[in-house]
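Reviewing the structure listed below.
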Amino acid sequence: MPIHNEDIAAAFDEFADLLALSGENQFRIRAYRHAAEVLRSLSEPLSRRIAGGFDPDTLPGVGADLAGKIRELATTGRCAALERLRATVPPGLRELLFLPDVGPQRARALHEALDIRSLEDLRVAIEQHRVRKVPRFGVKLENRLAESLATLAQRGKRFHWSVADRYARALERHLASLPGVLQVAIAGSYRRGRETVGDLDVVVAAQPGTDVDSALRQYEETKATLVSGPTRSSVVLRNGLQVDLRVVPAASFGAALYYFTGSKDHNIRLRTQAAALGLKINEYGVFRGSECIGGSTEGSVLATLGLPYIEPELREDRGEFEAAVAGRLPRLIAGVDLRGDLHAHTSATDGTATLAGMARAARAAQLRYLAITDHSRYLGAVHGLDAAALAAQIGQIDAFNASARGITLLKGVEVDILEDGSLALPDEILGRLDLVVGAVHSHFTLSRRRQTERLLRALDHGYLSILAHPSARLIDQREPIDCDWPTVFRAAAERPCFLEINAQPSRLDLNDLMAREAASAGVRFCIASDAHGVGDFELLAGGVRQARRAWLEASQVINTQPLAQLRRTLRRTFLK
DNA sequence: GCCGTTTTCGGCCCGACTGTTTTCAGTCG
């Protein structure tokens with residue numbers, strides 16, 4: 001049973017919860033939580049790195065003690081200290097922390113006053129109205145807890161970025177139309193471009209006395225109010241998405257936007273660095289004593305620390321401060337850098353539009369070239385193309401290009417990578433194409449060794465140009481395939497093979513961490529829509545967001561190249 | 001438990017809202 005980084009991170013989170021329930025020093029608790037976050041940000045399995053001699057003590061936030069626990073967990077899957085700690089806390093007590101309004105202090109109070117040891121105990125105690133009698137509890141809190149218990153299933157749900165986006169834009173328009181509102185921005189993980197969004201963090205600059213709180217609570221999509229105040233409110237929308245609002249004066253907008261964009265770890269680093277310079281940063285500005293020396297814009301906040309602007313997608317405490325100090329922040333790719341799209345389907349397979357229709361839509365989306373990459377026959381779920389049907393499509397594309405204006409179609413295919421790593425179409429037909437996009441659509445659960453061999457063989461094929469949605473994960477639906485990614489990345493980097501960042505909202509594959517690791521191995525990428533209809537080219541923006549989170553620059557993405565250069569880039573190792 | 005351009009010891013980001021209280025602890029972001 002392999003030990004994943006997530007397993008170790010989860011053990012540290014449990015450590016933190018149990019220490020909190022034991023009344024431990026909060027900074028000791030934070031050390032465990034911080035280390036858990038650091039472990040989650042690693043893409044390569046620690047257990048293997050440790051087997052290769054890597055010392056976890058060199059990870060940020062990991063000292064001798066936690067390094068020892070990491071080693072123990074990575075090699076044995078267990079941690080003696082954690083097991084000892086478990087024995088001192090009732091096993092069900094931790095689940096109380098999953099409830100809103102219940103932290104370690106209240107969980108302990110409930111345990112000590114009423115001997116509550118689980119959510120079920122709590123439910124019974126609430127029914128008997130015993131909770132309201134616990135010191136510093138009361139009727140209102142008891143009612144809130146009853147409500148939370150009833151809706152516990154809702155908690156922790158995250159939304160695809162694209163779903164959150166629809167609600168974000170509508171809410172932004174609603175608030176911006178309010179008299180007295182000067183600026184509105186959606187911050188948080190939405191602004192950092194995370195693939196899923198837990199809630200919408202809204203920052204509003206308004207003239208004094210503007211009642212933004214009421215405007216939010218009376219918004220047509222608002223279902224319930226959680227918190228209400230003149231500068232801070234929280235509501236839940238009808239679809240379950242929580243909205244947290246912050247209202248500040250115009251002079252504080254940049255500081256508030258910075259604060260609410262996060263991430264939390266990034267902000268803690270920022271404020272710690274400010275403190276070292278004798279400055280204090282909060283959501284109202286940067287202060288030296290009582291004097292405000294920055295805060296109207298995000299740039300003014302960073303400038304007080306002598307730092308250049310840090311793009312929101314980088315603010316995860318993954319080295320962006322060190323890069324900023326060293327003047328090595330990347331010039332992140334932008335949507336306008338994309339000149340074409342290298343993965344799209346038509347009604348010849350599972351798309352909804354004709355070849356000409358897709359071309360028109362791509363041109364309208366300002367693309368200069370579009371690769372038509374319908375499925376090969378192997379994929380059972382759709383009517384894939386066999387060699388003859390693909391040959392017919394090649395003829396259609398040649399005819400289209402002969403008469404088209406403003407866009408060039410590239411001849412391609414999305415060919416299945418079979419279980420053994422061979423491709424599902426013969427070389428004769430693949431050799432007539434401008435590019436071959438290979439993808440895994442089956443046998444997702446092969447062992448790491450066999451899955452790795454499969455991808456390496458596909459990369460070695462000679463005609464394969466692009467490995468599409470490499471991990472094959474579907475967000476919240478299907479785990480990524482198990483594979484020795486560093487080896488695959490090295491192989492791709494050594495060949496004229498490129499890895500896709502697939503922009504479909506449920507894929508976004510490669511993800512940010514994997515793409516960043518691949519880039520450091522020398523891999524180059526394409527950002528592709530995998531369009532199945534004429535409206536899908538706008539999805540490319542999501543692929544660009546993911547690429548930005550991976551610190552990618554335009555030069556690392558081949559479909560930023562003009563067509564002639566792209567054709568040279570795609571030249572194969574095997575001549576046609 | 002971690003960490004060092006004040007520090008190997010003594011710090012560790014900062015503020016709003018709620019409920020239970022009559023001044024503040026707890027939670028959350």
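The chains referred to below are lettered A, B, ... by the order of the sequence lines, with proteins before strands, and numbering in each begins at 1. Atoms considered below: every heavy atom in the structure, side chains included; atoms not considered: hydrogens, waters and symmetry mates.
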By the 4.0 Å heavy-atom rule, please label A:P230 as base, sugar-phosphate, or nothing. sugar-phosphate
DNA chain B: 5'-proximal contact among A:K264 and A:T231 (nearest heavy atom): A:K264
Determine the contact category for A:Q273: base if any of its heavy atoms lies under 4.0 Å from a base atom, sugar-phosphate if only primed atoms, P, OP1 or OP2 are that close, otherwise nothing. nothing
May I have the distance from A:E147 (atom CD) to B:dG19 (atom P), rounded to whole angstrom? 11 Å
With a 4.0 Å cut-off on heavy atoms, is A:Q26 in touch with a base, just the backbone sugar-phosphate, or nothing at all? nothing
Does A:K280 reach a base, just sugar-phosphate, or nothing at all? Heavy atoms under 4.0 Å. sugar-phosphate
For A:E112, I'd like to know if atom CD has over 12 heavy atoms of other residues, nucleotides or ligands within 6.0 Å. yes
Rounded off to whole Å, could you give me the OH-to-P distance for the A:Y32 and B:dC3 pair? 14 Å
Any A:E195 side-chain heavy atom under 4.5 Å of A:N511 side chain: yes
First encountered from the 5' end of DNA chain B, between A:R144 and A:D201: A:R144
Can you tell me the base-pairing partner of B:dT18? Count Watson-Crick or G-U wobble geometry only, both distances below 3.5 Å, and say none if there is no partner. B:dA25
Whole-Å gap separating P (B:dG29) and CG (A:L241): 13 Å
Hey, is the side chain of A:N282 poking within less than 4.0 Å of OP1 or OP2 on B:dG15, counting only N and O atoms? yes
Whole angstrom value for the distance that separates C1' of B:dC28 from CG of A:L145: 15 Å
Would you mind classifying the nucleic acid contact of A:R232 as base, sugar-phosphate or nothing, using non-hydrogen atoms under 4.0 angstrom? base
With heavy atoms under 4.0 Å as the rule, sort A:S228 into base, sugar-phosphate or nothing. sugar-phosphate
For A:D65, report the nucleic acid contact type (base, sugar-phosphate, nothing); a contact means any heavy atom under 4.0 Å. sugar-phosphate
How many whole angstroms separate atom CG of A:L226 from atom C1' of B:dT27? 13 Å
Proximity of A:F12 and A:H34 rings by center, below 6.0 Å: no
Taking donor-acceptor contacts at under 3.5 Å, does the side chain of A:N25 reach the base of B:dG1? yes
If you take atom types as modelled and just measure distance, does the side chain of A:Y259 reach the base of B:dG15 with a donor-acceptor pair under 3.5 Å? no
Base, sugar-phosphate, or nothing: which does A:A274 touch, judged by heavy atoms less than 4.0 Å apart? nothing
A:T272, nearest nucleotide to its side chain (from B:dG19, B:dT27, B:dC13): B:dC13
Cation-pi between A:R315 and A:Y309: NZ/CZ under 6.0 Å from ring centre and within 45° of the ring axis? yes
Please report, rounded to the nearest Å, how far the C1' atom of B:dC2 is from the CZ atom of A:R269. 13 Å
Euclidean distance, atom CG of residue A:D244 to atom C1' of B:dT27 [Å, nearest integer]: 13 Å
Select base, sugar-phosphate, or nothing to describe what A:R246 touches, counting heavy atoms under 4.0 Å on all strands. sugar-phosphate
Using side-chain heavy atoms (C-beta onward) and a distance below 4.5 Å, is A:R194 in contact with A:E313? no
With P as the reference atom in both, quote the distance from B:dC12 to B:dT6 in angstrom, rounded to an integer. 15 Å
Residues, nucleotides or ligands: over 12 heavy atoms within 6.0 Å of A:R288 CZ: no
What integer distance in Å separates A:Y258:OH from B:dC13:C1'? 14 Å
Just call it for A:I281: base, sugar-phosphate, or nothing, with non-hydrogen atoms closer than 4.0 Å on any strand. sugar-phosphate
